[in-house]
Amino acid sequence: MTRSRVDWGDVLSMTPAELAQLLHDEGQPRFRARQLFEWLWRQRAESYDAVRVWPKTLQQVMAQRYPLRRLTPVETQAAEDGTTKLLLAMQDSQRVETVLLPHRYGYSVCVSSQVGCAMGCKFCASGLKGRVRQLTAGEMADQVAFANRILAPQGTRVSRVDVMGIGEPLDNFAALMRFLELVHDPAGLNISYRHITVSTSGLVPRMKQLADSGLPVTLAVSLHAPNDRLRLQLMPINRAYPLTQLIPMCRYYVEKTGRRLTFEYLLLKGVNDDEATAHELGRLIRGFPNHVNLIPWNPVEEHPFKPSPFAHVRRFQGIVQEYGISCTIRRELGQEIDAACGQLRLGEEVPVSP
Ligand code: SF4
């Protein structure tokens, strides 16, 4: 599996095997690593003092040599439908946004993978300041653990993880692979790979790497247009990886992993929501297991787009379905709490590292 070499000061990004090596170097037996991993991810220990099964001296040594860098809450917004949006601070004061979403089956959490984003999609608030920095695997996993802490009083926990928040996850590939391993580990957050979705704007070489990793995670591809001319207007990434490369790679992903792939399609009034475009989309992606998720546009102050009328959305859905493609309209959650990605973070002034 491709994952980065870990920074030995970054305990939250370490796998159980790496923790075992670190504690071995400190003269400790292997079982201490398992204890620490469980306390970090099941109990979300804020400090080594909270690891109550450890002797005081070990707690002190670890605190001195390997300080825990947990996320801290800055702001929480809760919507009436149960959606909770969190702004969390990292050690360098950069902020990351995480959204906890209620469903019939339980809760999912939408995790961010970068501070800002380099992809520059024309409809997105997150990319307006560019990419500020990558998140570590520990910073990504701690978003899930923090969500679990919020749910704990209800006696429940997160059952699905979507890496669909701010950032392009495949542009932070090594940390993503490490994150997947951490989140999946049954001794910790214990999320099945099949309950994890990773989104991408279409970084074709990384999609191949993810497919070849053999992890059965679901891939969600932000498509938003069925031809290069239109897609290039919305997504600069299409210049490097046009549809002639992207769609065959989507087929490859499905063949290699046996997982159905989701196409995300944002409907923008007068841009990509007419009947001819729906037919073009149907012709482009028919013939292999996939699902289209139509997303009604949620207006963002900085962007000129307008939402498609609901009748257009329904018509678009019907046409795509005529091609034998499963197609749903995304349920709008948390609309009154700045639901479009990046808005909460952009509302706060964030110091940018030199
Ligand atoms: S839509 Fe996603 S990939 Fe595109 S700029 Fe926004 S965060 Fe980045």
Side-chain angles (χ1 to χ4, degrees), residues 85-88 94-99 101 109-135 139-140 143 161-173 175-176 179 196-207 209-210 217-225 228 230-243 245-246 249-250 261-268 271-272 292-305 307 330 332 334 338-348 350 352:
K85 196 159 184 169
L86 306 162
L87 192 63
L88 303 168
Q94 292 292 347
R95 282 121 192 244
V96 64
E97 187 180 300
T98 307
V99 184
L101 299 131
V109 65
C110 184
V111 168
S112 293
S113 56
Q114 297 176 320
V115 179
C117 182
M119 296 299 130
C121 302
K122 301 296 182 208
F123 46 79
C124 176
S126 305
L128 289 175
K129 289 186 177 176
R131 187 181 73 196
V132 179
R133 80 158 166 89
Q134 304 280 26
L135 261 59
E139 288 165 341
M140 292 168 72
Q143 295 172 58
V161 171
D162 300 319
V163 193
M164 301 177 90
I166 296 170
E168 162 56 67
L170 300 190
D171 184 37
N172 189 11
F173 193 78
L176 173 75
F179 161 79
I196 301 175
T197 299
V198 174
S199 73
T200 183
S201 57
L203 283 179
V204 168
R206 297 297 193 199
M207 288 167 68
Q209 257 181 292
L210 186 64
V217 297
T218 300
L219 191 63
V221 175
S222 296
L223 191 59
H224 309 315
D228 286 328
L230 190 52
R231 195 162 188 267
L232 200 49
Q233 285 173 28
L234 300 173
M235 303 180 72
I237 180 85
N238 201 77
R239 197 179 310 280
Y241 305 111
L243 293 172
Q245 292 183 38
L246 179 61
M249 184 51 67
C250 292
L261 179 141
T262 298
F263 287 112
E264 304 290 339
Y265 195 102
L266 194 58
L267 280 162
L268 307 167
V271 177
N272 65 353
V292 175
N293 194 11
L294 297 177
I295 310 166
W297 168 247
N298 197 7
V300 177
E301 212 175 87
E302 301 87 339
H303 296 296
F305 302 114
R330 183 182 284 178
E332 290 283 327
D338 301 337
C341 64
Q343 291 180 356
L344 183 63
R345 198 187 73 85
L346 279 169
E348 291 274 319
V350 178
V352 178

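Order of listing sets the numbers, starting from 1, for every ligand and every atom in it. Basis for what follows: all heavy atoms, side chains included, without hydrogens, waters or symmetry-related copies.
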Nearest neighbour of atom 1 (S) of ligand 1 from the list Cys124, Gly130, Gly167, Ser222, on a heavy-atom basis | Cys124

Would you say Cys121 reaches atom 4 (Fe) of ligand 1 with an N/O/S atom under 2.8 Å?
-> yes

Do Glu264 and Arg330 sit within salt-bridge range, that is, some charged N less than 4.0 Å from a carboxylate O?
-> yes

Under 3.5 Å, is there a donor-acceptor pair between the side chain of Thr200 and the main chain of Gly202?
-> yes

Measure the spacing between SG of Cys117 and CG of Asn172 and express it to the nearest 0.5 Å.
-> 10.5 Å

Per-atom contacts, ligand 1 versus Cys117 - under 4.0 Å to a heavy atom | 3 (S), 5 (S), 7 (S), 8 (Fe)

Quick note on ligand 1: atoms under 4.0 Å from a heavy atom of Met119 include exactly 3 (S), 8 (Fe)

Go through the steps to decide whether Met119 and Met235 satisfy the test side chain to side chain contact (heavy atoms under 4.5 Å, CB included), and finish with yes or no.
-> CA-CA 8 Å; Met119 296 299 130; Met235 303 180 72; over 6 Å; no

Return the minimal non-hydrogen interatomic distance between Arg231 and Ser222, and the atom names on each side.
-> NH2-O, 2.8 Å

With a cut-off of 4.0 Å, which atoms of ligand 1 are near a heavy atom of Gly120?
-> 5 (S)

